[in-house]
Number of protein chains: 2
Amino acid sequence: MATIKDVAKRAGVALSTASYALNGSSKVSGATIEKVMRAARELNYQKNGFASDLKRTKTNTIALILSDMSGPYFSELIKGVQEVTASNQYDLIACSSVGGSRSTATKFLREKRVDGAIILANNIQTQLIEESAREDFPIVVLDREVQNPYAIHVEVNNRQGAFEATEHLIEKGHRSLGYVSGPMDSHDNEERFTGFSDALEHYDIPFQSRLKISGDFTREGGYRATKMLIAQQNLPDAIFYANDEMAVGGLQAFKEKGIQVPADISIVGFDDIQLAEYVNPPLTTVRQPKYEAGALAVHMIFQMLAGEKVEKSFNLSTELVERSSVKMK
Amino acid sequence: MATIKDVAKRAGVALSTASYALNGSSKVSGATIEKVMRAARELNYQKNGFASDLKRTKTNTIALILSDMSGPYFSELIKGVQEVTASNQYDLIACSSVGGSRSTATKFLREKRVDGAIILANNIQTQLIEESAREDFPIVVLDREVQNPYAIHVEVNNRQGAFEATEHLIEKGHRSLGYVSGPMDSHDNEERFTGFSDALEHYDIPFQSRLKISGDFTREGGYRATKMLIAQQNLPDAIFYANDEMAVGGLQAFKEKGIQVPADISIVGFDDIQLAEYVNPPLTTVRQPKYEAGALAVHMIFQMLAGEKVEKSFNLSTELVERSSVKMK
DNA sequence: CTGTTAGCGCCTTCAG
DNA sequence: CTGAAGGCGCTAACAG
């Protein structure tokens with residue numbers, strides 16, 4: 001592997017000249033640049049990214065940390081992040097937090113291999129985030145709040161979204177409402193449940209705890225939770241699934257038991273994943289501004305990197321999208 | 001940011017001792033290790049990944065380069081890659097090639113910021129791959145062939161898959177067949193078209209070039225291509241879409257025109273993306289072993305990294321999955 | 001414009 | 001176990 005030293009020697013210039021030429025500094029003549037470039041090409045020279053980063057203590061890349069790089073939710077988020085990152089001439093890498101404290105994500109956070117990070121990964125310790133964020137290493141967290149001035153918070157208004165969805169169910173005449181929950185340690189889930197409860201309370205509808213079932217945000221979990229609900233007999237009028245994936249699983253469970261949605265029971269989801277539109281019946285759900293959340297998150301990273309003061313927290317609105325899984329009772 | 005120097009000072013040992021202790025060398029006593037570790041903890045020391053990588057000329061991470069990190073196809077692939085990578089104690093980062101030669105992907109390839117790469121990104125120049133791959137930087141390419149002993153090729157048998165799908169259409173009595181194509185510079189598309197043509201030839205069915213339309217692998221493209229086909233009047237009996245995304249777009253176009261699938265026309269796709277099962281009617285398509293492809297790809301990277309000899313090329317089989325978009329004519 | 005020089009933070013001898 | 005020293009490859013003053 002040729003180094004810059006070889007290039008300089010071959011071009012017959014000083015090491016620093018080669019460096020300047022390669023980096024397009026203005027303090028070197030066109031002829032020299034050409035000479036250096038040619039030497040570099042001939043030697044198939046490629047600079048060593050680490051050495052350069054090490055020297056500049058700056059990587060020009062930011063990380064997007066996800067608990068599940070393969071999940072359906074993330075594609076739009078990534079798009080937003082990607083575009084803003086690229087337009088700022090930064091690089092973006094995505095890494096997964098599976099493996100917890102031994103994960104790639106943890107390593108990148110700890111070792112400052114990037115200039116900033118956006119995190120949507122419930123299995124990353126809050127403590128790690130709090131320890132890692134600092135002035136030259138801003139973090140945006142999408143799924144919780146964190147006590148550190150350099151770790152800010154962009155979230156969608158889960159509570160409001162859940163409130164509206166629940167309200168929608170109530171307005172359609174449903175009175176006994178079930179809630180299929182995400183994992184207990186999920187901040188998003190908690191907020192959604194709060195919105196759900198608030199709506200119930202607001203409309204003076206009692207909450208029956210037997211109708212709250214845990215489903216862990218996966219399709220499989222939604223499927224199982226729904227089966228349990230069915231087995232209990234005495235189904236509610238409608239079910240609020242804390243995310244779409246679980247709702248899809250629920251649909252499957254209903255179908256197997258010959259229960260018609262929405263004729264027999266109404267359901268709503270949360271997220272508006274791509275599938276929601278294609279499932280049968282198309283799912284009424286709460287759309288999250290994922291693209292915007294991603295774009296805003298990177299935006300904030302850059303502001304912090306530039307040393308500007310930023311809000312500690314942002315809240316994006318959701319929108320109810322009505323399809324066909326809810327019917328007037 | 002505390003450095004190893006600070007740790008050594010605080011622990012009251014030599015810098016080299018601290019380094020040994022931190023890296024678990026055997027030439028240092030347990031007591032000292034403990035002392036150093038404590039100092040590190042107290043200072044919230046984290047090593048600088050670059051400095052360390054630079055020194056060892058090794059990153060222990062491999063990159064997965066995708067043209068579209070947000071695409072629907074990739075989630076399973078990622079899963080396969082992820083698992084194998086993690087089980088080898090390596091890190092995985094995903095990066096996008098959007099932006100072509102100015103993309104993050106290009107940078108990582110050029111600057112050897114990782115120990116190896118898996119590429120599925122038609123917008124990365126073949127030349128760049130050929131220039132980058134070397135003994136200590138193996139590459140696995142998933143969507144083309146490359147002339148470089150350290151760049152091997154894992155592909156699914158597109159030709160066979162397309163052949164079987166086409167055969168299926170023919171066996172169901174369809175005689176005039178359309179082909180909605182992907183981009184012309186896509187190796188996958190080319191192979192699929194070859195499989196399609198081979199089947200036609202094998203069954204002595206003439207190919208009508210007016211029934212080959214370009215759709216660029218996007219849903220939108222499939223939609224437009226289908227509209228064009230419809231506008232031409234005289235629809236074929238069946239259409240082979242070179243991928244599922246386009247077929248989904250096609251379904252949309254048919255629906256808008258009141259054309260029934262499969263009653264009026266049969267269609268098949270390719271890939272078996274998640275949506276294929278949920279679309280209406282559920283799409284008959286060709287399943288690719290994406291997980292396996294990903295897992296195999298990393299596997300090969302590790303073999304090459306270990307200096308073992310490996311095959312230059314691997315070919316994975318596809319499988320026809322029959323759903324409801326094809327009917328006996 | 002060019003060359004010299006001093007590190008970036010870490011790892012690894014090597015002689016005490 | 002220590003301390004010094006050399007270097008990984010590159011950048012960025014600072015003098016010439």
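Letters A, B, ... mirror the listed sequences (proteins, then strands); counts begin at 1. Just so it is clear, the model here is predicted, and its values are computed rather than measured.
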Exercise for the section: To the nearest Å, give me how far apart CD (A/Glu111) and C1' (C/dC10) are. Expected result: 12 Å
Exercise for the section: To the nearest Å, give me how far apart CG (A/Asp6) and P (D/dC8) are. Expected result: 11 Å
Problem - Heavy-atom closest pair, residues A/Gln46 and B/Arg110 - result: NE2-O, 2.9 Å
Exercise for the section: State whether B/Lys107 and A/Asp91 are salt-bridged, where the test is any N-O pair (Lys NZ or Arg NE/NH1/NH2 against Asp/Glu carboxylate O) under 4.0 Å. Expected result: yes
Exercise for the section: Nearest whole angstrom, please: distance from the P of D/dG9 to the CZ of B/Arg113. Expected result: 15 Å
Practice task
State whether B/Asp136 and B/Arg134 are salt-bridged, where the test is any N-O pair (Lys NZ or Arg NE/NH1/NH2 against Asp/Glu carboxylate O) under 4.0 Å.
Solution key: yes
Exercise for the section: Hey, which sits more toward the 5' end of DNA chain D by its nearest nucleotide, B/Ala14 or A/Leu54? Expected result: B/Ala14
Exercise for the section: Would you mind telling me which of C/dC10, C/dG3, C/dC1 lies closest to the side-chain atoms of A/Val13? Expected result: C/dG3
Handout entry: Sugar-phosphate, base or nothing in reach of B/Ile4, heavy atoms under 4.0 Å
Key = sugar-phosphate
Handout entry: Main-chain N/O of B/Leu15 paired with B/Lys9 side-chain donor or acceptor, under 3.5 Å
Key = no
Handout entry: Value in whole Å for how far the P atom of D/dT11 lies from CG of A/Leu22
Key = 8 Å
Exercise for the section: Would you please confirm or rule out a distance under 4.0 Å between OP1 or OP2 of C/dC1 and any side-chain N or O of A/Thr17? Expected result: no
Practice task
Using only heavy-atom distances, determine whether the side chains of A/Ser29 and A/Thr32 contain a donor-acceptor pair under 3.5 Å.
Solution key: yes
Completion exercise
Between NZ of A/Lys9 and P of D/dG9 the distance, given in whole Å, is 13 Å
Handout entry: Protein-nucleotide distance (B/Ile33, atom CD1; D/dT2, atom C1'), rounded to Å
Key = 16 Å
Fill in the blank from the handout: Taken to the nearest whole Å, NZ/A/Lys47 to P/D/dC8 is 19 Å
Exercise for the section: May I ask you to check whether over 12 heavy atoms, not counting those of A/Lys5, lie within 6.0 Å of atom NZ? Expected result: no
Contact list (N/O, under 3.5 angstrom) for nucleotides 12-14 of chain D vs protein:
{"unit_1": "D/dA13", "atom_1": "N7", "unit_2": "A/Tyr20", "atom_2": "OH", "d": "3.0"}
{"unit_1": "D/dA13", "atom_1": "N6", "unit_2": "A/Tyr20", "atom_2": "OH", "d": "3.4"}

Handout entry: Over 12 foreign heavy atoms within 6.0 Å of CD, B/Glu131
Key = yes
Handout entry: Between P of C/dC10 and CG of A/Asp53, the distance in whole Å
Key = 15 Å
